[in-house]
Amino acid sequence: MTAAKNQKRHPLPRLGVFGQPELPATQAAPGRVRWAALTVLLAVCLVCYNYTDLPLIVRHSISFWDALRTGRLNQFYQLATALPIGQATGQTGEVPYDIWVYVLLAVWNLPVYLWELATGLTFETNLIAMVWVRLAGMLPFVGANWAILGIARQLGRPKEQGLWACWGFSTSLFLLNGLFCIGQIDIFNVFFTLMGLWAWLKKNERGFIGWFALAVTFKMFALMVFLPLLLLEEKRLWRIAGASAGACSLSLLSKLLFLRDKMNTPTQFDERRFIRFLFGRNLDLGGATISAFVLLFGATVLVCWLSRMEEQARPAWALWAMLAGYGSFFIGAAAYPYWAVVLAPCAALALLVWPGYAKQTVLLEAAAGAAYFGCSVLTYTAVYSGEMNLRWMLAGRLKPWSREGDALVNLLGRLSEGALQNTDALLMAVLVLAVGGMLVLYAPWRASRPQREGSLAVDGGTLWARFALSAAVALAPLLLYLVG
């Protein structure tokens, strides 16, 4: 009888799938071994991967200083479009971003510009300079983790739980793929979006619109989070239109200032290609064709507009709106592989909002990230190849690139077209099921479900398994290059 009473008073810890006790977030944060393992993984990816899009964007940002120095700032886009990417690759490229993006990157890359003027060399041929331009992405990466900690405080979560959310964000395959294996600048969009979401949780309308205005300058799909959040709060159409105009204001201002300049470039406005991507996947309903993205995102917008949000469910709605908005895009539209970095915060926010479903979150997000990474490799093999990525960084110094030794390209080249299509279809199905499962799991209209405050319902073994999967998938192209 006494033993039974003691068991009720001090219940045994629940066990995870690996038989280890769940992690009480109020007692333990990620240990030094976890942070050390993560640091090594990120550092290896940072110095070994660099898709050639980043040197192109950096070269354009550096040309901002030339345009400013020669008094031809009003012709910035024409000058940058005609500019070759140094001595590394003799190609030119489009200049798709708003002027504010290039100004921000130009400030970081000013030392590179001055170094080029002093030496007569180009940064594309110098490993240290290439690492420097890669480090620009670490600023918004750190900022995003800071925003996650701020959101944790806003929700009244313990610091330890906030650190687990940061660890979950930093080990996400969506983040490793977009930022560390490819090296694109969409991590800025992640930072600004998280800051906007934080402002929304605080009911700071000006901050909400302002941060999303910055996010939209980097990529328009920030609107896929902004609009659902806005419609949860505002039902009046004229207020919705005004706030949406505010979120697009910086991007529109850049286009107005450089309208004549952009019209004289071959690509003119990148938004045309983005719109084509939105309608890249369609559903054939017996002769009638429906855009998958419009159907999914339209349903998301409609749900948010018709819903009457209760205050206690505000964090749950924020998470669901972000996942549903971005999920509509990456499932219903065509996309480049590095764009999906914007999905990385969803798992981190879920660990804060739904700690009782931490194990399900970890497993579903890992499946979604691995599936998307696989689809990206199959569809955009060159992005991960030695020729377009690894040869420019430390990996290229360790093993000089040769077309015959590009193992990833050669390996996928041996597969038939049917095998590639079937594998891609299988991985896409896993992605759809994983994202759909998370949307059901995080349904905000069931926010009254009890959650065990201060405890993450997941065992340490599951978290290590997810980290091992992320590391294996992220390092696979590098290992194939080095041993192939």
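In this text the structure is predicted, and so the values were computed from the model without any measurement.
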Using only atom types and a distance under 3.5 Å, with no angle test, would you say the side chain of D459 pairs donor to acceptor with the backbone of T462?
yes
In short, L41 meets F467 closest at the heavy-atom pair CD2-CE1, 3.8 Å
Looking only at heavy atoms, what is the nearest atom pair of R134 and L54, with distance?
CD-CD2, 3.5 Å
Do F188 and W100 have ring centroids that are under 6.0 Å from one another?
no
With a 3.5 Å cut-off and no angle check, do the side chains of S61 and N109 form a donor-acceptor pair?
yes
Would you say the side chains of D53 and Y336 form a donor-acceptor pair under 3.5 Å?
no
Can you list the steps and then say if L351 with Q161 is a side chain to side chain contact (heavy atoms under 4.5 Å, CB included)?
CA-CA 8 Å; L351 294 179; Q161 192 171 344; 5.7 Å; no
Angle class for the [X]/[Y] ring planes (parallel below 30°, perpendicular above 60°, tilted otherwise)?
{"X": "F169", "Y": "F141", "value": "parallel"}
{"X": "F218", "Y": "Y97", "value": "tilted"}
{"X": "F208", "Y": "W200", "value": "tilted"}

Other residues, nucleotides, ligands: >12 heavy atoms within 6.0 Å of E310 CD:
no
For W108, is the CH2 atom crowded, meaning more than 12 foreign heavy atoms sit under 6.0 Å from it?
yes
Assess whether a salt bridge exists between K203 and E311, defined as any Lys/Arg side-chain N lying under 4.0 Å from an Asp/Glu carboxylate O.
yes
Test log, rule side chain to side chain contact (heavy atoms under 4.5 Å, CB included), inputs W401 and S385
CA-CA 10 Å; W401 174 80; S385 68; over 6 Å; no
Passing option when Y384 is tested against Y49, Y51, F373, Y481 for ring-ring contact (aromatic ring centres under 6.0 Å, His included)
F373
